[in-house]
2 protein chains.
Amino acid sequence: MSINAPEASGIEPIELSPSLPLPLYLQLAKHLRNQITSGKLAEYNALPGERELAETFGVSRVTVRKALSSLTAEGLLNKRQGSGWFINNSPHVEQRLSALTSFTEDMSSRGLQSGTVWLGRSISHATPEEALALNLRPREEVVRLNRLRLADTTPLAIELSVVPTKFLPDPFAFDGSLYQHLRNLGHAPHRALQRLSAVRLIPDLARQLELPEGAPALYIERRTFLENGTPLEFVASHYRGDAYDFVVELTLT
Amino acid sequence: MSINAPEASGIEPIELSPSLPLPLYLQLAKHLRNQITSGKLAEYNALPGERELAETFGVSRVTVRKALSSLTAEGLLNKRQGSGWFINNSPHVEQRLSALTSFTEDMSSRGLQSGTVWLGRSISHATPEEALALNLRPREEVVRLNRLRLADTTPLAIELSVVPTKFLPDPFAFDGSLYQHLRNLGHAPHRALQRLSAVRLIPDLARQLELPEGAPALYIERRTFLENGTPLEFVASHYRGDAYDFVVELTLT
DNA sequence: CTCTCTGGTATTAAATTGGTATTAAAAATT
DNA sequence: AATTTTTAATACCAATTTAATACCAGAGAG
């Protein structure tokens with residue numbers, strides 16, 4: 001099931017004149033080339049149908065096809081029978097979001113030695129909150145992974161990952177990167193929504209992070225999804241306040 | 001209350017027209033996308049069943065499924081057989097990520113009244129730190145804008161923006177959105193790099209935010225750039241930790 | 001277990017898409 | 001002037017998309 005968009009034209013009509021020295025199909029090709037390369041049609045990357053184009057420009061379908069064919073030869077367009085004409089080289093700026101990386105991958109990219117101390121790994125039933133976040137049936141089984149994260153030797157974060165057992169059957173079956181392990185099992189993380197806020201550390205966590213009670217911390221909740229949109233992992237992390245996170249934002253052009 | 005109980009619809013019905021150039025399932029997808037991203041259908045909630053949706057919009061179930069499938073591909077929804085369709089995204093995801101928005105624009109898109117209390121606007125020489133962040137010559141002139149940000153009537157953040165006078169000659173020449181004003185002057189912000197961390201509020205800021213001393217806050221440093229990469233603005237903000245969630249979307253490349 | 005919710009899928013018909021053959025008028029070539 | 005090529009129209013063919021109906025399968029309540 002493909003999604004193409006026979007969107008409401010968006011093509012600017014002009015008057016083509018048969019009396020000009022330039023043949024109609026070339027006049028039309030020129031006009032369409034302008035519209036395409038100027039990016040006015042970039043929104044919908046599909047063109048209106050040949051019949052509709054013929055109508056709006058007051059020429060026959062063959063003329064339209066000839067114009068479109070010459071643009072195809074230039075590499076601007078491609079077509080599919082039964083489907084339509086599509087713009088090839090949309091100068092469409094790819095919207096780059098932050099990359100989804102695991103802690104392990106993240107630290108090594110910053111040249112830090114990542115250390116992990118296991119605080120617990122177990123299988124149990126999902127709490128109502130987890131079931132909601134992971135879209136599970138009530139009391140469905142999940143793996144809980146509780147880890148203390150180190151940068152070199154400094155405690156950096158406490159992380160509690162929750163993954164349904166249907167994606168991660170055995171919490172002891174891996175030792176390094178959770179994401180790498182999930183990828184190996186055919187459940188590659190594809191996208192995540194992350195929510196950050198600032199909190200005061202409760203005594204228990206403060207002790208584990210070797211910080212004074214009530215110290216500020218970055219609280220990060222993350223839901224990770226498979227490519228088909230199914231929730232794969234729910235993570236709640238407390239980072240020490242002087243750790244930081246980068247975010248890039250871009251405007252659309 | 002069962003987690004899977006479909007919420008009392010809450011879907012606003014519209015009339016879908018087969019005569020429009022856009023196929024029915026895309027018309028429906030568009031409408032549902034609006035409802036979700038505008039926050040009228042909140043994160044974690046279930047959608048009405050496919051049959052019910054088909055009924056309310058007067059189309060077949062297959063059409064509904066096609067619309068829902070395309071939204072799933074966008075990452076907005078996920079489903080579970082025998083259970084239903086669930087909403088992944090929180091409403092402001094779209095705002096925060098795909099667009100570089102100012103506080104003013106951000107708040108109004110969420111239906112909140114954004115208030116601003118001016119704490120100071122002045123022209124002075126850049127500090128060494130600012131000169132570094134903005135890539136200025138030492139002692140080049142900058143505008144300093146210090147604002148208290150309100151959501152409705154609650155203090156939400158303290159913001160200190162620094163902009164070189166070559167981009168913003170007069171700190172008093174605008175009153176609403178700084179970004180809108182800069183765009184009008186031909187200096188459209190195009191990209192931003194943010195750094196977030198958690199801090200304890202110093203007494204001065206705590207008082208202004210009407211919070212107890214030492215309360216946790218999100219400290220956000222932002223550098224905004226023009227399209228050609230020139231630094232345009234440096235902002236240091238303190239958001240109250242209990243009132244503001246930052247949402248970030250991450251994807252694999 | 002059964003009954004009734006939920007989503008999943010196969011089959012079908014109609015509409016829409018591009019593809020092609022035929023034809024004729026106009027323009028360029030000989 | 002005769003011939004060929006280019007241009008442009010009409011009519012019909014084939015692939016695809018759209019959207020409906022009918023039936024299958026998992027989940028949950030009793």
Side-chain angles (χ1 to χ4, degrees), chain A residues 1-9 16-30 44-55 57-72 77-87 126 128 131 135-141 164 166 228-230, chain B residues 1-9 16-30 45-55 57-72 77-87:
Chain A
M1 176 201 56
S2 83
I3 300 165
N4 62 2
E7 264 283 331
S9 63
L16 304 177
S17 158
S19 56
L20 284 178
L22 203 60
L24 285 178
Y25 78 95
L26 284 180
Q27 293 180 43
L28 181 54
K30 186 173 177 182
Y44 346 90
N45 56 7
L47 258 55
E50 296 175 359
R51 283 156 244 262
E52 188 179 334
L53 285 173
E55 177 98 13
F57 291 103
V59 294
S60 87
R61 241 189 89 208
V62 188
T63 309
V64 170
R65 300 196 92 244
K66 258 195 131 163
L68 294 176
S69 297
S70 67
L71 293 180
T72 305
L77 296 177
N78 71 83
K79 56 189 161 172
R80 231 172 40 242
Q81 182 173 166
S83 185
W85 291 86
F86 302 88
I87 298 175
N135 191 16
L136 300 176
R137 298 193 303 278
R139 300 182 54 73
E140 197 167 338
E141 281 197 326
K166 61 187 173 193
N228 67 12
T230 309
Chain B
M1 180 194 69
S2 158
I3 294 170
N4 297 324
E7 286 287 318
S9 66
L16 304 177
S17 159
S19 56
L20 284 178
L22 203 62
L24 285 177
Y25 78 95
L26 284 179
Q27 292 181 44
L28 181 54
K30 188 171 176 182
N45 281 162
L47 257 52
E50 296 175 359
R51 284 156 243 263
E52 188 180 335
L53 285 173
E55 178 96 14
F57 291 102
V59 294
S60 87
R61 239 190 90 210
V62 188
T63 309
V64 169
R65 300 197 91 243
K66 253 192 137 165
L68 295 176
S69 297
S70 68
L71 293 180
T72 304
L77 297 177
N78 74 83
K79 57 188 160 172
R80 212 168 69 236
Q81 184 172 165
S83 187
W85 293 84
F86 301 86
I87 298 173

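Keep in mind the model is a prediction, meaning the values are calculated, not measured. Chain letters run A, B, ... following the sequence lines, proteins first, then strands; residues in each count from 1.
Side-chain contact between B/Thr72 and B/Asn78: absent, with no pair of heavy atoms (C-beta onward) separated by less than 4.5 Å.
Rounding to whole angstrom units, CG of residue B/Leu28 and P of D/dT18 are separated by 14 Å. Per the geometry, CG belonging to B/Leu68 stands 13 Å off P belonging to C/dT6, to the nearest Å. At whole-Å resolution of the value, CZ in A/Arg137 and P in C/dT6 are 17 Å apart. As rounded to whole Å, 6 Å separates atom P of D/dG28 from atom CZ of B/Arg80. To the nearest angstrom, C1' of D/dT5 lies 10 Å from NZ of A/Lys66. Straight-line distance from the OH atom of B/Tyr25 to the C1' atom of D/dA19: 11 Å, rounded to whole Å. To the nearest angstrom, P of C/dT6 lies 11 Å from CZ of B/Phe86. Whole-Å rounding puts the A/Leu53 CG to C/dT17 P distance at 10 Å.
For the ring-ring contact (aromatic ring centres under 6.0 Å, His included) test, residues two or more places apart in sequence or in another chain that qualify with A/Phe57 are A/His31. For A/Ser60, the side chain to side chain donor-acceptor pair (under 3.5 Å) partners at least two apart in sequence or on another chain are A/Thr63. Under the side chain to side chain donor-acceptor pair (under 3.5 Å) criterion, A/Ser69 pairs with no residue at all, not counting sequence neighbours. Partners of A/Glu50 according to the side chain to side chain donor-acceptor pair (under 3.5 Å) rule, which considers only residues two or more places apart in sequence or in another chain, are A/Arg61, A/Arg65, A/Trp85. Judged as a side chain to side chain contact (heavy atoms under 4.5 Å, CB included), and not counting sequence neighbours, B/Gln81 has no contacts.
Closest approach to the B/Glu50 side chain among D/dT18, D/dA20, C/dG7 is made by C/dG7 (side chain taken as heavy atoms from C-beta onward). Side-chain atoms of B/Leu24 lie closest to D/dA19 of the nucleotides D/dT18, D/dT16, D/dA19. For A/Ser60, the side-chain atoms get nearest to D/dA8 when compared with the rest of C/dG18, D/dT18, D/dA8.
Around the CD atom of A/Glu141, the shell of radius 6.0 Å holds more than 12 heavy atoms that belong to other residues, nucleotides or ligands.
The side chain of A/Thr63 places an N or O atom within less than 4.0 Å of a non-bridging phosphate oxygen (OP1 or OP2) of D/dA9. Look at B/Trp85 and you won't find any side-chain N or O under 4.0 angstrom from OP1 or OP2 of C/dT6.
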Would you tabulate the nitrogen or oxygen pairs shorter than 3.5 Å linking the protein to nucleotides 11-14 of chain D?
| residue | atom | partner | partner atom | Å |
| --- | --- | --- | --- | --- |
| D/dA14 | N3 | A/Gln81 | OE1 | 2.9 |

